[in-house]
Amino acid sequence: MADDIPVPFWPELDLYLKHVAKIAVVVQLPEVKSGGLNVSNWEVMEKLRALVAPEEFATLTVLKVMRQMLHFQGELSSLRALRKAIQCLNGKMIRVNGMSQQLRVRAGEADLKFPQKKDWETYFQDRGVPSFSDGLPGDR
């Protein structure tokens, strides 16, 4: 697939750019009326890895743990693998030790956060850098 082919950046030095394939996974936890709910993040991550097989996560990290959900972010080797992983995970139910109910999994492509022009301008303004012009050499 054309998505998976690295783009030459500096061929003389064998440097290539590869597409970033990040996935956001949310695992819904059941409503618990009393405290003491223990869910192993590691066990949930292993269940997610098993659902995605034969594809593999390059990285899978826990972003946020809340009472209602666990939020994971992972990286896959290609955009093709990302699409397959989303199909494998989205809407599935997993069972975790110590829980009577199954947990619902939702998955989608993660947002990549890049700074916008406004972010750069506020960054430099907050540090006392005088205003600059995009039209002048050296001020870009």
Restricting to non-hydrogen atoms, name the atom on Asn97 and the atom on Glu43 that form the minimum distance, rounded to 0.1 Å. N-OE2, 3.0 Å
Under 4.5 Å between side-chain heavy atoms, counting indirect links through other Ile/Leu/Val/Met/Phe/Trp/Tyr residues: same cluster for Leu63 and Phe57 or not? no
If you look at every heavy atom in Ser78 and Ala21, which pair is closest and at what distance? O-CB, 3.4 Å
What pair of heavy atoms forms the shortest contact from Met45 to Leu60, and how long is it? CE-O, 3.2 Å
Are Val20 and Phe72 connected in the hydrophobic side-chain network, where two residues link if heavy atoms are under 4.5 Å apart? no
Taking all heavy atoms of Ala85 and all of Ile23, pick out the closest pair and write down the distance. CB-CD1, 4.1 Å
So which pairs with a foot in residues 90-113 pass salt bridge (Lys or Arg N to Asp or Glu O under 4.0 Å), sequence neighbours left out? none
If you round to the nearest 0.5 Å, how far is CE of Met66 from NE2 of His71? 8.5 Å
Side-chain contact, heavy-atom cut-off 4.5 Å: Val39 with Leu70? yes
List the steps and the verdict of side-chain contact (heavy atoms from CB on, under 4.5 Å) for Leu51 and Lys47. CA-CA 6 Å; Leu51 283 175; Lys47 298 278 185 178; 5.7 Å; no
Could you see if Leu79 belongs to whatever hydrophobic cluster contains Val25? Use Ile, Leu, Val, Met, Phe, Trp, Tyr and a side-chain cutoff under 4.5 Å. yes
Is there a donor-acceptor pair under 3.5 Å between the side chain of Asp119 and the backbone N or O of Gln116? yes
Kindly indicate whether the side chain of Gln68, heavy atoms from C-beta on, has any atom under 4.5 Å from the side chain of Leu29. no
Check: Met99 and Pro30 side chains under 4.5 Å, non-hydrogen atoms: yes
State whether the number of non-hydrogen atoms from other residues, nucleotides or ligands found under 6.0 Å of Glu56 atom CD is greater than 12. no
Below 4.5 Å, heavy atoms only, C-beta onward: do Glu55 and Arg80 meet side chain to side chain? yes
So which heavy atom on Pro8 is nearest to which on Tyr16, and how close? CA-CD2, 3.3 Å
Show your working on side-chain contact (heavy atoms from CB on, under 4.5 Å) between Leu48 and Leu89 and close with a plain yes or no. CA-CA 7 Å; Leu48 294 175; Leu89 290 174; 3.9 Å; yes
Is it the case that atom OH in Tyr123 sees more than 12 heavy atoms from other parts of the structure closer than 6.0 Å? no
Same cluster for Val27 and Val65 if Ile/Leu/Val/Met/Phe/Trp/Tyr side chains link at under 4.5 Å? yes
Treat each ILVMFWY residue as a node, draw an edge where side-chain heavy atoms are under 4.5 Å apart, and state whether Leu17 and Trp10 are in one component. yes
